[in-house]
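Worksheet for the structure shown next.
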Amino acid sequence: MTIAVTRLTPCFAARVDGADITRPLDDTTWTAIRAAFEEHSVLLFRGQSFSDEAQIAFSRRFGPLETTIRSIASRESTPIHIANLSNVDGENRLIPTGDKRNVYNAGNQMWHTDSSFKKVPAHASLLSAREIPPEGGETQFASMRVAHGRLPVDMQAFLADKVAVHSFVYSRGLVDDGLMPSDHAAQVPPVRQALVRVNPVNRRRAFYVGSHACEIVGMPTAEARALLRELREAATRPELVYTHRWRVGDLVMWDNRCMLHRGRPWDESRHRRVMHRTTVAGAGPTAPDEAPAAFSPARAEDVAWGRAQLELV
Ligand code: SIN
């Protein structure tokens with residue numbers, strides 16, 4: 001199979017044509033896809049009608065898969081390697097407006113990197129569109145690699161050896177109190193991550209500052225959070241963002257080591273959106289695990305940053 005790779009923006013993201021990734025791939029095609037992933041950070045494959053098993057098999061070629069954490073949105077029937085990001089319940093009915101499960105999933109509408117709150121953060125995520133709303137529900141991407149390259153050299157030097165604390169309890173707390181009962185919170189204690197990550201293949205650097213990042217080791221909290229917000233804003237300037245408008249059968253995969261992403265709202269009271277995600281585990285820890293990580297509670301400006309991105313119904 002020969003694939004064709006077409007850029008979707010001048011700086012990152014590409015569409016890959018010519019491969020049926022729902023079936024086992026020959027090594028040449030696989031190697032070309034792997035190289036395109038390192039180069040473009042976001043890959044779109046159209047017209048892939050995936051079963052969960054086929055999505056898991058394709059994802060596994062990139063490495064071992066993460067299992068999902070237990071949450072108020074979990075479903076017994078979902079395979080452990082699939083994150084079911086949908087507004088539909090186990091009986092295939094729309095989840096009612098305002099239900100905590102939808103509020104919980106709305107946390108994905110803040111700019112983030114998947115699983116940066118785990119000691120071993122995610123390498124890649126693969127999201128397949130099973131059902132989509134007629135409008136809204138896009139996914140947006142922004143490159144922390146591109147933004148790092150645009151920073152002044154003295155800022156790049158300042159960030160180089162910094163370590164950030166990431167916490168899922170902190171970031172879901174920006175959405176709503178009570179989304180993380182204590183037994184769920186116990187699964188995800190805060191962790192340390194390098195603030196700048198280097199791609200092992202092409203040596204390109206990216207800062208690493210999604211919504212779960214809430215402290216920088218050695219900096220006062222308010223100063224650290226202001227810097228984290230400033231870096232996210234630098235990466236997510238509108239002209240640097242790729243907005244993916246989904247079609248059923250799309251699979252988009254992205255590099256969590258260097259990409260921010262967020263889902264966009266849609267009319268959840270009327271329309272179904274069913275997306276299945278597989279998540280490839282990465283390399284880590286990315287920072288020395290010297291002492292237990294800790295974070296201060298969110299302040300008004302932190303909550304304002306998170307809430308500004310959400311549209312809760
Ligand atoms: C995600 O945050 O992994 C999913 C984003 C989306 O639902 O568009």
Side-chain angles (χ1 to χ4, degrees), residues 8 13 41-45 50 52 55-56 59 62 65-69 71-75 78 81-88 94-95 101-118 121-144 166 168 170-172 174-175 179 188 208-213 232 235-236 241-268 271-282 306 309-313:
L8 296 171
S41 309
V42 177
L43 299 180
L44 161 65
F45 301 84
F50 268 114
D52 285 343
Q55 184 172 340
I56 287 170
S59 306
F62 290 83
L65 301 189
E66 287 189 358
T67 52
T68 50
I69 62 167
S71 78
I72 57 171
S74 299
R75 275 206 225 152
T78 306
H81 293 118
I82 295 283
N84 185 336
L85 305 174
S86 81
N87 62 334
V88 174
L94 269 188
I95 295 174
R101 289 168 288 180
N102 286 347
V103 177
Y104 176 90
N105 280 334
N108 288 336
Q109 293 174 15
M110 292 184 287
W111 286 112
H112 66 286
T113 54
D114 290 328
S115 303
S116 70
F117 54 83
K118 293 182 178 171
H123 172 66
S125 294
L126 299 93
L127 189 62
S128 81
R130 309 292 174 93
E131 293 182 57
I132 55 163
E135 56 186 349
E138 302 89 351
T139 306
Q140 293 186 312
F141 297 93
S143 172
M144 296 180 282
H166 292 235
F168 193 62
Y170 169 84
S171 56
R172 275 304 186 271
L174 300 179
V175 179
L179 296 179
V188 281
Y208 190 59
V209 295
S211 62
H212 311 305
R232 285 181 212 126
T236 60
V241 169
Y242 168 63
T243 299
H244 185 63
R245 297 190 169 80
W246 291 96
R247 294 183 196 166
V248 170
D250 284 354
L251 179 123
V252 176
M253 68 177 296
W254 61 89
D255 186 341
N256 282 300
R257 300 167 300 181
C258 64
M259 294 305 300
L260 289 167
H261 66 281
R262 64 176 184 175
R264 301 317 298 139
W266 74 100
D267 186 349
E268 293 185 339
H271 299 302
R272 297 161 63 99
R273 181 178 190 264
V274 178
M275 313 290 285
H276 286 196
R277 196 186 76 206
T278 34
T279 314
V280 181
Q309 300 172 70
L310 306 177
E311 196 173 283
L312 297 172
V313 286

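These numbers come from the heavy atoms of this one structure, side chains and all, not from hydrogens, waters or symmetry mates. Whatever order the structure lists them in is the order used to number ligands and atoms, beginning at 1. One-based numbering along the sequence shown.
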Test item: side-chain donor near acceptor, Asp250 and Ser128, under 3.5 Å: no
Which residue and heavy atom of the protein sit nearest atom 8 (O) of ligand 1, plus the separation: Thr139 OG1, 2.5 Å
Atom indices of ligand 1 within 4.0 angstrom of His112 heavy atoms, with elements: 1 (C), 2 (O)
Carboxylate-amine/guanidinium contact Asp52 Arg130, below 4.0 Å: yes
Polar atom proximity, Trp246 to ligand 1 (N or O, under 3.5 Å): no
Inter- and intrachain pairs under salt bridge (Lys or Arg N to Asp or Glu O under 4.0 Å), touching residues 252-262, at least two apart: Glu38-Arg257, Asp255-Arg257
Row check, Tyr104 ring normal vs Arg172 NZ/CZ: under 6.0 Å, within 45°: yes
Polar contact flag, side-chain donor to acceptor under 3.5 angstrom, Trp111-His261: no
Trp254 N/O under 3.5 Å from ligand 1 N/O: no
Part of Met275 with heavy atoms under 4.0 Å of ligand 1, whether side chain, backbone, both or neither: neither
Nearest protein heavy atom with distance in Å, relative to atom 4 (C) of ligand 1: Leu85 CD1, 3.5 Å
For Arg277, all residues meeting salt bridge (Lys or Arg N to Asp or Glu O under 4.0 Å), sequence neighbours excluded: Asp114
Arg272 with Glu131: basic N within carboxylate O range, under 4.0 Å: yes
Closest approach of any protein heavy atom to atom 1 (C) of ligand 1, naming residue and atom: His261 NE2, 3.4 Å
Polar proximity ligand 1 side, Arg264 side, N/O cut 3.5 Å exclusive: no
salt_bridge(Glu66, Lys118) N-O dist < 4.0 Å: yes
Heavy atom of the protein closest to atom 3 (O) of ligand 1 (residue, atom name, distance): Arg277 NH1, 2.8 Å
No-hydrogen, no-angle side-chain donor-acceptor test under 3.5 Å, Thr139 and Trp246: yes
Short N or O distance, Glu138 and ligand 1, threshold 3.5 Å exclusive: no
Heavy atom of Gln109, distance to ligand 1 below 4.0 Å: no
Structural part of Arg273 in contact with ligand 1, heavy atom criterion under 4.0 angstrom: side chain
Atoms of ligand 1 close to Asn108 [distance to a heavy atom under 4.0 angstrom, numbered from 1]: 2 (O)
